[in-house]
Amino acid sequence: MAGLQIRNVEKVYGNKFKAVHGISLDVKDGEFMVLVGPSGCAKSTLLRMIAGLETITAGEISIGERVVNNLVPGKRGIAMVFQNYALYPHMKVFKNLSFGMRLQRRPRAEIESGIGHVSRLLEIEELLDRLPKQLSGGQAQRVAVGRAIIKKPEVFLFDEPLSNLDAKLRAAMRVRLTSLHKQLKQEGLSSTVVYVTHDQVEAMTMGDRICVMKDGRIMQVADPVTLYDRPENTFVAGFIGTPEMNLFSARLHKGASGASLEIGKQRMALDPSVMARLTLGDAGEVTAGIRPQHIAPAAAGASNTLEGRVSHVEFMGHEIYLHVVIADNAFIVVTQSAGFDRAKASEGAMHFTVAQDALHLFDPVSGKNISLGS
Amino acid sequence: MKKTATLLATLAVALSTGVSTQAAELRMSWWGGDSRHIATQEALKICGDKYGHTISPEFTGFNGHLEKLTTQLAGGTEADIMQVNWPWLPLFSKNGDGLADLGALSDIIDLSNWTEEQLASGSMKGVLNGLPVSTTGRVFMFNEGSYEAAGVAVPTTWGELLAATPAFKEKLGDEAYPFDATTLDVVLLVSMVTTQATGKDLVDPATNTVAWTAEELAKGIAFYQNLVDTGTIRSWEGAAASGTDNLWEMPEWADGHLAGSYQWDSTYSKYADPITVGHLVPVGILTIDGAVTEGVYRKPSMTFAISKRSKDPQAAAQVLNCLLNEPEGIAAMSDQRGLPSSKAALAELEKLGKIDPTLKAANDIVMAGSGPTVSPYNEDPQVRDTFQSTLEEFAYGQLSAMEAAEIIIDGINGRLAEL
Amino acid sequence: MTTTALSAIALETERTNRMTRRLQRISAAVRYLILAGVGLVMLYPLIWLIGASFKTNAEIFADPGFIPKEPTLNGYINGWKTSTPYTFATFFWNTFLIILPKTVGTAISATAVAYGFARFEFPFKKLFFATVIAILLLPNVVTRIPQYLLFRDLGWLDSFLPLWVPSALAGDAFFVFMLIQFLRAIPRDMEEAARVDGANTLQVLIFIVVPLLAPAIVSVCLFQIMWTMNDFLGPLIYISSVDKYPISLALKLSIDTTEAFDWNRILAMSVLALAPSLIIFFLAQKQFIEGISSGGVKG
Amino acid sequence: MGGDSKFLGLLYISPYVIGLLVFTAIPFVYSFYLSFTDYPLMTAPVWVGLDNYLELFTSDRTFRKSLSVTLVYVFTTVPLKLVFALFIAVILNYRLKMINFFRTAYYVPSILGGSVAVAVLWRYIFAKAGVVNMALGFFGMDPINWFGDPNYALFIITLLRVWQFGSAMIIFLAALQSVDKSLYESAAIDGANKWQTFRSITLPLITPVIFFNLIMQTVQAFQEFNGPYIITNGTGSPLKSTYLLPLYIYDEAFKKFDMGYASAIAWVMFFIIMVLTLVAFWSSRRWVYYAGDKRS
């Protein structure tokens, strides 16, 4: 039963390239922590540093209060599932599962009962006598997970374990892994997970908390809902959610009659509630953000709208994506397909209302969200 | 049974000679052909048993043996007993200290079997390093059958040989030659005729330079060319076509199409055995018109030496004495190294009737031949190499006789200055 | 368009198709012809050798065919006995005594060294790896003389040691290089998984890397066996006792010392000398070809 | 890896490092030193400065001959072998049946080629009455004096090595088979004929392998010893027309025991190989195509 503490960890490669910039992160016992970010953000490097597969240039990693910096991977109390599963190709599934225990010279009975338990849990009993090359992708995936579980580690590490599966199987495995996590937790087993993915859907659906990373730095650590509703910066705002949040340059005006947002030549009055949220009082250039779901074609006669021209309409079934140009900025607007008048859209100019409680304003220089209140 | 016999033999020897030698593990190295290998190994077994030593044999063909021996001597891994070519003695033991002093072992080896002159030839700076095994020389041998077929008599002079050529071509075909010489044989042939004309050996012992003038040598070279031009011998190039240097391996030799050669007397049987058509006879030295001397190429053939690093020189000396002077060894060694220099050996072999009469006849010709003393430097590897490769260039028409003669003399003088 | 025109087009198409097919067939036939012709020329010397070794001496140079008219085993009988106190078996045994430590040593050392290069960071790694390439390109005549002097001073002359010890210390850069290339092509995940499973680096090497690298290691062993079997200069320089001769030297000895024209004996001994290589090759040709393919291509 | 000493890698390569120092590096340096000495093996080396090199380049006719023979040998053998290997590999690369059979058959000589037995065999088949001349006779041609004619003797040695084209061919074949098939399809759609496809698709893509083969074959060709040694009985005859540098070095070192002089020849040869290799590497930038390195 252990959590994971990362304190000011840095990674500098031999050629002086700094891959990880002083990261600190606490993963609580039993927590499912997802590291997410675009490729090259060092999320895998961080995971491999936790595993002991990469050296730690500076800082400290502890697992269950134990500093593991100088421990070899096998002594850190971790288990890892690799992107390519990394099953030993020359060993049958049974041996793959038992390799770690055999290295520790555990008694045979214990090995067998462990394998029995795990293979029932993951429904791989019939596969025990096969070689990895005789397994399908999903089966190999389950075996790889089994190999991790059987070790009863303090922390599970997953390195993009679903990226080699097709979309359908991936969706199924997401559910399976989440429920497995719950089950382990219920059984009172250690179930701390650090899970690396570049897929934000995976991150949102699976993580108790999500750590968004970029260029070797943490952008935000939060639960999925917070991350979605209260992104701390433009990066997180743009990274989380599909389609992406619309981000655009705007100018904030404060006047006696109230505040407004100037977008190109258009101007939109801001609710006082928005102003109340602002943590930076000055008027001036900002980056504004609004999710496609929070901007909608205006009802007839609505006021305080933005005018835009529809360039393209994508029919997605239940929803429709409108590609809109508002004051030279490209927007995506998601709207219900039921009742949507396509003819009207093709006429060109349309008016849109913005749900102001979901409007975010960011500092254009630092990218920090200045509309989260205090 | 055998062990007991060996033991008894050892005891008997120990008692009789008074020299107490333990059973020793020895090695002996030599070069030669198959029959010499077989005879020597047999002799080593017999002599080893007699004195209770075991001697492991190391043998090769002549090619590469010098390299091997030098390597071993330089590396200190040489065999206890070595067959050392006479011209190699100055290479290995310039001052007499490179090999064991056999004089110091005279209580075991009966040196009275050799003449003073023979012992002197095996000594370097007065130290006896090598025991002469036999005296050898080059001798002419002809296939009598081929000559009969050609309807001419076996030649006794170069003139007769040249005269026989047309008859060979006519009777036996264009591919028939009354004589053969290539590579080393050509060197010795040119040396011989030059010596016949000048009365001098290649090396002048007084000045340690080449004794011949370029004109004299050029004449000798031209003489060789004449043999080729007349079709008396194969051209250098033609002889190379067979892919082997060994005349005795060639079908043309076996079937009498190459009807004569100029070879060591000791190798006589090697050349005589394979012949299937006709038979080989040794013949007196052919001379040129106006020869000053026969120019016989005669020298101590090989010597037996003992390593100065031998752990048990006494044991090695016992084996050596057995091989050269004691009846069992002599009988086993037979005449595989030519007619023995050791008086005891010669007498014993004659008594046993083991001396091949043709070999004896060949050796007699060598012993009877006249000529200046042959310098060991004739066979210095670099001297030989210069002589032979320049002749090769001449034979391929890349040099004139005179140019070749000058290059040879310059090259050899250069080498002699280093020695 | 009229029907006749249509059928003319159809005919034309049919004709072109047929021509193309015929051209293809001809070009395939030409290829087979070239391949078979070249193959025959390539293999004829060996076929002739085997055939001629059963011929009588008189027949060897009489007929270019390889089928002996009066087959005889004399060449083999005499060849096997040799002119030495030893039979050919001794020379095979000597060759084996060189090959065994050399091959085992090469396999172990080259694998460990390749593992070190491919999977670890350490000081001067680039420099050491550059020396591997340098040795690959270094003609060994340059080092032969000092090596000889070294072995002389070590007292190793006339023993098998100079012939295998350098190889057992990963001295054959080609093999090290080949294994490094192989190892680089193998993903590291399996090894990392094993590390996470608690294996130390040596256990990773033995339990994971060696099984994964096994085909390459087998190739290395096979090549080492072949090359050792063919090596002539090494034994020529270092071995002087006949009882220690490997096959290559024994064969040369028998050529040098043969009296009279015992050609079939020499040919028979040549066949015997080639036989182990041929047998090993045909048993393991797949390994050879894979070995040389991947080692070379990835370079 | 975390937790492991950074000297662990050194431990694994330690056999190599020891071997490198003892059997290569020290001998390498020592031979350079020897090349400036007179060392007849029986006595200690004596420093002679540049004498050996001066002699080599001013008065040594054998060296000049041997060097030119070696260069001729290398510059004929290597291209012949590579072109032939590539030619056969291209033919084999069409999905022919029996490809495995031919591949194996062509590879056999490479396995055996270096052996004494094959050199012996060569002596027999090129002898005056040997198989080759018999075959020539069959076509009504005059027999050739392979061993006696200096114009042909080197050719036999060349042929012995070209005969062993199999290993180069297999490397080529593997490279050819790894060329992405869709490139050929794309070229065919662009209207390229077979030769154009080969010229502009296949050849550029396998240049790294050609380069690899070129370097390895050149280095090996410079070191050829067994063939000429056995075939000519160590003499390099006729007229030293097969007297490759390794034979000369062997003679000087192990026949004449002129270790210093032999070392000097070896160093000259090493220098030539090094220059050629550097030229090859330098020029490779112009003609060798490297696809992006997938994983370093």
Side-chain angles (χ1 to χ4, degrees), chain B residues 61-76 91-95 97-98 175 182-184 234-246 249-252 380-386 388-399 407 410-411 414-415 418-419, chain D residues 38-44 55 59-62 65-66 119-133 142-153 156 229-243 248 250-259 261-262:
Chain B
F62 182 73
N63 281 333
H65 195 82
L66 171 60
E67 293 91 302
K68 178 176 188 156
L69 211 51
T70 317
T71 314
Q72 290 186 329
L73 279 159
L91 296 178
F92 297 149
S93 183
K94 206 171 179 176
N95 299 314
D97 54 1
E175 289 299 304
T182 184
T183 59
L184 180 58
R234 297 181 298 171
S235 68
W236 194 300
E237 185 174 347
S242 47
T244 170
D245 296 340
N246 301 328
E249 278 187 60
M250 294 178 191
E252 300 93 327
D380 175 81
Q382 286 195 44
V383 169
R384 269 281 152 82
D385 185 46
T386 305
Q388 187 172 321
S389 59
T390 313
L391 280 181
E392 186 184 17
E393 287 181 69
F394 166 77
Y396 276 89
Q398 301 200 331
L399 298 171
I407 291 174
D410 279 356
R415 172 64 180 164
E418 287 175 25
L419 289 168
Chain D
D38 181 21
Y39 185 25
L41 205 60
M42 298 288 191
T43 55
E55 190 182 339
S59 58
D60 189 341
R61 296 199 314 150
T62 312
K65 177 77 189 174
S66 177
V120 171
L121 168 65
W122 234 239
R123 261 164 71 162
Y124 281 86
I125 61 177
F126 284 100
K128 191 166 72 182
V131 175
V132 174
N133 277 339
D142 287 334
I144 289 174
N145 184 349
W146 298 101
F147 296 115
D149 189 330
N151 297 318
Y152 288 115
I156 302 177
Y229 185 86
I230 305 281
I231 291 171
T232 70
N233 226 337
T235 61
S237 64
L239 277 181
K240 306 238 176 282
S241 61
T242 60
Y243 200 56
Y248 189 33
Y250 176 81
D251 280 357
E252 288 296 320
F254 298 102
K255 270 191 181 169
K256 298 183 188 158
F257 295 96
D258 205 341
M259 293 291 179
Y261 200 62

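Just so it is clear: chains get the letters A, B, ... in the order the sequence lines come, proteins before strands, and each one is counted from 1.
Closest approach of D:P238 to B:E392, counting heavy atoms only: CA-OE2, 3.1 Å. Minimum heavy-atom separation, D:N145 to B:A240: OD1-C, 4.2 Å. Nearest heavy-atom pair across B:E252 and D:K128 is OE2-NZ, 3.6 Å.
Looking at B:L391, there are no atoms closer than 4.5 Å to chain D (heavy atoms on both sides), in backbone or side chain. In this structure, chain D has a heavy atom under 4.5 Å from the side chain of B:Q398, while its backbone stays farther away.
A salt bridge is absent between B:E393 and D:K65: the closest approach of a Lys/Arg side-chain nitrogen to an acidic carboxylate oxygen does not fall below 4.0 angstrom.
Annotation for D:Y152: atom OH does not count as buried by contact number, only 12 or fewer foreign heavy atoms lying within 6.0 Å.
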Item to complete: May I have the step-by-step check of side chain to side chain contact (heavy atoms under 4.5 Å, CB included) for D:T235 and B:Q388, ending in yes or no?
Response: CA-CA 11 Å; D:T235 61; B:Q388 187 172 321; 5.9 Å; no
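In this structure D:D258 satisfies the side-chain hydrogen bond (donor to acceptor under 3.5 Å, both in side chains) test with no other residue, sequence neighbours excluded. Contacts of B:Q382 classified as side-chain contact (heavy atoms from CB on, under 4.5 Å), with partners at least two apart in sequence or in another chain: B:D380, B:R415, D:K256.
Rounding to the nearest 0.5 angstrom, the gap separating the OH atom in B:Y396 from the OG atom in D:S237 is 7.0 Å.
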